[in-house]
Amino acid sequence: MEDESSTVIRLAVTKDSYGYDYNDVDFITYEGTTPFVEEDIISVYGTIMESHTYQSTAGYQTFSTAFRS
């Protein structure tokens, strides 16, 4: 998700036999915009901020790590 000045990335971080494990994701808030697109491989440097809670598309609560970069 991106607006005029920042980007929020839901990033799958663990490689598995099918690509990347979507059960192991981090949320990254980036102060700026980025041209990355789905399935790009990126490196992220930042500060761990907190645990991020959100509702999955299946309707249950899930948690991930939140970073600010």
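Just so it is clear, the structure is predicted and the values come from calculations on it, not from any experiment.
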Starting from Tyr18, can I reach Val25 by hopping between I/L/V/M/F/W/Y residues whose side chains sit under 4.5 Å apart?
no

Any Phe27 side-chain heavy atom under 4.5 Å of Val8 side chain:
yes

Atom CD1 of residue position Ile42 - does it have more than 12 heavy atoms of other residues, nucleotides or ligands inside 6.0 Å?
yes

Check: Tyr30 and Val44 side chains under 4.5 Å, non-hydrogen atoms
no

When rounded to the nearest 0.5 angstrom, what is the spacing between OG1 in Thr65 and CG in Asp26?
4.5 Å

Tell me whether Thr29 contacts the main-chain N or O of Arg68 through its side chain, where contact means a donor paired with an acceptor under 3.5 Å.
no

What about Met49 and Ile28, same hydrophobic cluster or not, with Ile/Leu/Val/Met/Phe/Trp/Tyr joined at side-chain heavy-atom distances under 4.5 Å?
no

Any side-chain heavy atom of Phe36 sitting closer than 4.5 Å to one from Ile41?
no

